[in-house]
Colleague: 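The structure follows.
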Amino acid sequence: MKLLPLALTLLLAGLIFGAFLAVPPPQPAGDIAEYFGITESVLRHRSINLTPGDQTTLSQPLHPQYFTNPGYYIAGVDGNRYPVHFIGYSLLLTPVRWILQQTGVPELHVFSLANTLLLFGAIIYILLRFVHLPSRQTMFVLLTVTSPLIFFLWWPGPDIFSLSLLLISLFWFYEGSSIPAAALAAIASWQAQPMAVIAVSMLIHDALREKTHTKRNTFLISAGLILGILAVPFIYNYVLFGSLTPWTILQDGWTVIHGFGIHNISLQKLFEQFFDLNIGVFWYAPLLVSAGMMSIAAHIRHDAKIQWLTLTGIAVLFAYQTNPAWHYGTSGFGPSRHALVMIPFLIIAIVNQTKPKTIWTGFMTLLGISQIAILSLNSYIFPVFSNTLVHSPVAKFVLDRWPMLYNPTPEIFVDRTNHTDLDHPTSAIYQVNGTCKKAYVLARDIDMVIAACGPLPETPRASIMNPETDGFYVTYE
């Protein structure tokens, strides 16, 4: 391989490392209470249950209300409080945090530094193991480091852990090694359960290939081990909580209203994962998404692996939709963590078709220039987490001028218009300089919206089954 792409990757990783160390650590966000809290428990008493001493110590860098939130650290069968989220990512963080303790570096930097190690470790491994043509090496590095993945280096959660493993997994699969690919996807699913679909898909792909008797037995053993890997979080939950998943124990608003399951799946949400003005991946990496989809379209007829990966990618996007809540916190304006999973699929589709031609050189130049501008809208590697409750610049541009064009899943519009993250439906009014432009109206709040904006425009409305949870959009000219 050429040393230049590897050298540039190492240089960029060092620069990002230095940039993170030069600023204060990120503000608490997401599920930091448990991911950071587990490291505290392991370092203090070599276990994962939350003790009063842990809680007192953690309440200094984190907000004390985290530890009275019923969604975190629920009681196990032995009466102790245990984290709801699986511990795998936090166990990786623990030695990094110990090093930070010894060196006097603020310990909340553990997320950004560990995430940087994970992503750039994956990039370097793929360069050394799978990508050997210089043109493809350059394309791979450029696509990855200018993609929205870069926003999540700063995010205090396991998204980079799962996506880095997925990226390696897809290269293994494309090389023809389904078993190691499925094993990595299974480990990735520990912190992102919908990715279990990918591991199972890869096992099915390998099972359909013709095998000798010996290879069939080897496959059965390997498949059993991978299914065991997939089962680890469920075993963990059953041992600690007496349930295969603690989410059946937690009864927050969205779970009560919608429940988990395939009834939450819709083509509208699939469209939103790609193209929603706030959470869709396209608006944060338009050339990557466009080139990836064109590459898939150009080769899907005669490339069986592309066919399988395309079906798998769509299946896992649907799997993310089974969650009762749709608009989760994310790293800055977006994209949604429910949509990030498609980026590794698009990267591999482009990289494996890259050739040393002028058109690809031009594409890489255009990609670099355009993404510098686009990434700036979300503050590059320092996204502002509170922006997840603010309309993105693209969404605001459309809502200010053509509000009738944007009608997302109400949870997205309501959260970003009201700047709140509630666990139940509510109404929202989008205004520009005090003038109502658009509203999502629950049936129970019609009078409130009329008082704020005047008579409701005459527009087609969905049938109202429950005035407490059902609503409709109206647009004001």
Side-chain angles (χ1 to χ4, degrees), residues 8-9 11-27 29-30 109 111-113 115-116 119-120 123 138-157 159-160 163 272-292 327-337 339-340 342-344 346-347 350 361-401 406 412 415-416 419 432:
L8 291 176
T9 301
L11 175 62
L12 182 59
L15 291 173
I16 291 175
F17 232 77
F20 286 150
L21 290 173
V23 300
Q27 292 297 310
H109 271 311
F111 295 99
S112 57
L113 300 182
N115 289 341
T116 302
L119 180 61
F120 281 89
I123 292 172
T138 304
M139 178 67 81
F140 169 64
V141 173
L142 186 62
L143 286 170
T144 306
V145 302
T146 63
S147 77
L149 296 180
I150 212 77
F151 299 146
F152 287 82
L153 298 177
W154 195 236
W155 179 253
D159 302 85
I160 289 294
L163 292 164
E272 289 173 349
Q273 286 167 306
F274 281 92
F275 300 114
D276 180 83
L277 302 180
N278 279 303
I279 69 171
V281 167
F282 176 82
W283 303 103
Y284 302 91
L287 286 182
L288 187 157
V289 173
S290 299
H327 186 243
Y328 272 104
T330 190
S331 196
F333 290 114
S336 167
R337 291 186 285 146
L340 273 180
M342 75 177 68
I343 292 177
L346 296 171
I347 287 175
I350 297 170
T361 303
F363 172 78
M364 286 189 279
T365 303
L366 184 59
L367 174 73
I369 294 172
S370 65
Q371 283 301 109
I372 288 173
I374 291 168
L375 295 178
S376 72
L377 298 177
N378 207 31
S379 304
Y380 295 109
I381 60 172
F382 298 110
V384 179
F385 298 152
S386 59
N387 281 344
T388 194
L389 297 178
V390 178
H391 286 290
S392 73
V394 175
K396 192 173 185 303
F397 182 85
V398 172
L399 282 168
D400 287 355
R401 293 162 178 80
Y406 187 46
I412 301 170
D415 284 0
R416 292 186 181 243
H419 316 305
V432 178

Colleague: Tell me, do Ser112 and Leu153 make a side-chain contact under 4.5 Å, heavy atoms counted?
Modeller: no
Colleague: Give a yes or no answer on whether the side chain of Asp276 reaches the backbone of Asn278 with a donor-acceptor pair at less than 3.5 Å.
Modeller: yes
Colleague: Can a donor-acceptor pair be found, under 3.5 Å and without considering hydrogens, that links the side chain of Trp283 to the backbone of Val394?
Modeller: no
Colleague: May I ask you to test the Gln273-Ile279 pair for a side-chain heavy-atom distance under 4.5 Å?
Modeller: no
Colleague: Hey, could you give me the CG/OG distance between Asn387 and Ser379, rounded to the nearest 0.5 Å?
Modeller: 7.0 Å
Colleague: Step through it carefully: locate the ring centre of Phe274, locate the ring centre of Phe282, and say whether they are under 6.0 Å apart.
Modeller: no
Colleague: Could you check if a side-chain atom of Pro393 sits within less than 4.5 angstrom of a side-chain atom of Phe333, using non-hydrogen atoms only?
Modeller: yes
Colleague: Would Trp154 and Phe20 count as a close aromatic pair, with their ring centres under 6.0 Å?
Modeller: yes
Colleague: Within the 4.5 Å heavy-atom criterion, are Val141 and Leu8 side-chain neighbours or not?
Modeller: no
Colleague: Over 60° means perpendicular and under 30° means parallel, so tell me whether Phe151 and Tyr284 are parallel, tilted or perpendicular.
Modeller: perpendicular
Colleague: Side chain to side chain contact (heavy atoms under 4.5 Å, CB included), that's the test. Do Leu113 and Leu21 meet it? Break it down for me.
Modeller: CA-CA 8 Å; Leu113 300 182; Leu21 290 173; 3.8 Å; yes
Colleague: Decide yes or no for Thr330 and Phe152: does some side-chain heavy atom of the first lie under 4.5 Å from some side-chain heavy atom of the second?
Modeller: yes
Colleague: A side-chain contact here means heavy atoms from C-beta on lying under 4.5 Å apart; do Thr138 and Met364 qualify?
Modeller: yes
Colleague: Any heavy-atom pair between the side chains of Thr146 and Ile374 that's under 4.5 Å?
Modeller: no
Colleague: Got Arg337 and Asp159 here, is their nearest side-chain heavy-atom distance under 4.5 Å?
Modeller: yes
Colleague: Under 3.5 Å, is there a donor-acceptor pair between the side chain of Ser392 and the main chain of Leu277?
Modeller: yes
Colleague: Measure centre to centre between the rings of Phe385 and Trp155, then say whether the value is under 6.0 Å.
Modeller: yes
Colleague: Any salt bridge (Lys or Arg N to Asp or Glu O under 4.0 Å) involving residues 372-399? Give me the pairs, sequence neighbours left out, ordered by first then second residue.
Modeller: Lys396-Asp400
